[in-house]
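See structure below.
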Protein chains: 2
Amino acid sequence: MSDRLDWNDLRERRMAEPGAAETYEATRIAFELGQEVRHLREGHGWSQSQLARAAGMTQSAVARFEAGGTVPTLPVLERLARALDRRLDVRFASNADAA
Amino acid sequence: MSDRLDWNDLRERRMAEPGAAETYEATRIAFELGQEVRHLREGHGWSQSQLARAAGMTQSAVARFEAGGTVPTLPVLERLARALDRRLDVRFASNADAA
DNA sequence: CCAACCCATAGCATCGGTGCTATGGGTTGG
DNA sequence: CCAACCCATAGCACCGATGCTATGGGTTGG
């Protein structure tokens, strides 16, 4: 049942470490990106293996990422975006901007 | 005068490696983020040392990042965003969206 | 001329993400 | 019942980003 772990699990896990108050946000972003990739992938009707091949990675890497197991790097995000026919968008938004 | 190195320098450097066609984009993003941080920092009237302290890193790390010397990780971007009173925004945008 | 900043860069240790292989449990379809 | 998928996870090697200290050159102000 530790299948789809949810956000609170990850939060507890990461917040236990020292100086994690900032990494916390990065972990949240990673988690959300994982969710989004899963949705996009399923929208394409692809398996993790198929996405992995399209993005130049392995099924295990896709699974790890979708589960929020790691905070992904920009190159990986870029490759996933390409495979899913998206554009990776990273920017410093004004704090007033809507989510 | 290898002071402010420009984008073409970095491009040549990175594209020389194999399988760099995707990492290329990530490098471009890193470069642009570096520029933006520099602008934001200067907008605040801060030195690299001041920003470094606010973001929990060292002056050398800030310099390296602003120069595009590395592709930054999400935790680092998050800390910089906070220090600069911004919100880090990462998403998979539709390819049709404007830049 | 010297002190105090600015920034760029080098060298090194460490940490963590990625790539890889292999496994295991679940489900479906023959 | 078995084959062929699905996905999650572990263990490992490797690479690269980060953190750190220490420079060095440039500029400014005394």
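Only heavy atoms go into these numbers, but all of them, side chains included; no hydrogens, no water, no symmetry mates. Below, chains carry the letters A, B, ... as their sequence lines are ordered, and counting in each starts from 1.
Of the candidates D/dG19, D/dT18, D/dA8, D/dG19 carries the atom nearest the B/M57 side chain, counting heavy atoms from C-beta on. The side chain of B/A63 approaches C/dA8 more closely than any other nucleotide in the set C/dA8, C/dC6, D/dT18. Of the candidates D/dA17, C/dG19, D/dT9, the closest approach to any side-chain atom of A/A67 belongs to D/dT9. Set against D/dC7, C/dG17, C/dC20, the side chain of A/S47 has D/dC7 as its closest nucleotide.
Base pairing of D/dG26: its partner is C/dC5, meeting the Watson-Crick or G-U wobble criterion (both donor-acceptor distances under 3.5 Å). Across all strands shown, D/dC14 is found opposite C/dG17 as a Watson-Crick or G-U wobble partner, with both distances under 3.5 Å. Pairing partner, D/dC20: C/dG11, with both Watson-Crick or wobble hydrogen-bond distances short of 3.5 Å.
The separation between A/F31 atom CZ and C/dG17 atom C1' is 19 Å, rounded to whole Å. In this structure, A/Q59 places its CD atom 13 Å from C1' of C/dG19, rounding to the nearest Å. Summarising the geometry, the separation between CG on A/L74 and C1' on C/dG16 is reported as 15 Å, rounded to the nearest angstrom. A/F65 places its CZ atom 15 Å from the P atom of D/dT9, with the value rounded to the nearest Å. Following rounding to the nearest Å, B/L33 (CG) and D/dA17 (C1') show an atom-to-atom distance of 15 Å. A straight line from CD of B/E66 to P of D/dA17 spans 17 Å, rounded to a whole angstrom. When the C1' atom of C/dA8 is taken as reference, atom CZ of B/R41 falls 12 Å away, rounded to whole Å. In this structure, CD of A/E42 is placed 11 Å from C1' of D/dC7, rounded to the nearest angstrom.
Scanning all heavy atoms of the two residues, the minimum distance from A/L77 to B/F92 falls at O-CE2, 3.6 Å.
Taking CZ of A/R28 as the reference point, atom CD of B/E78 lies at 7.5 Å (rounded to 0.5 Å). One finds the CZ atom of A/R53 at 7.0 Å from the OG atom of A/S47 (value rounded to the nearest 0.5 Å). We find the CG-NE2 distance between B/L84 and B/H39 to be 12.5 Å, quoted to the nearest 0.5 Å. One distance of note links CG of B/L51 with CG of B/L80; it measures 5.5 Å at 0.5 Å rounding.
OP1 and OP2 of D/dA17 both lie 4.0 Å or more from every side-chain N or O belonging to B/R79. A/R38 has a side-chain polar atom (N or O) that falls below the 4.0 Å cut-off from OP1 or OP2 of D/dA8. The phosphate of C/dG16 has neither OP1 nor OP2 within less than 4.0 Å of any side-chain N or O from A/R64.
Comparing B/S60 and B/T73 by the nucleotide of DNA chain D that holds the closest heavy atom to each, the one mapping nearer the 5' end is B/T73.
Backbone-only engagement by B/V76 is indicated by non-hydrogen atom pairs under 4.0 Å involving sugar-phosphate atoms exclusively.
Applying the 3.5 Å distance criterion, the base of D/dA8 shares no donor-acceptor pair with the side chain of A/Q48.
A/R41 has a carboxylate O that lies under 4.0 Å from a charged side-chain N of A/E66, or vice versa, which qualifies the two as a salt bridge.
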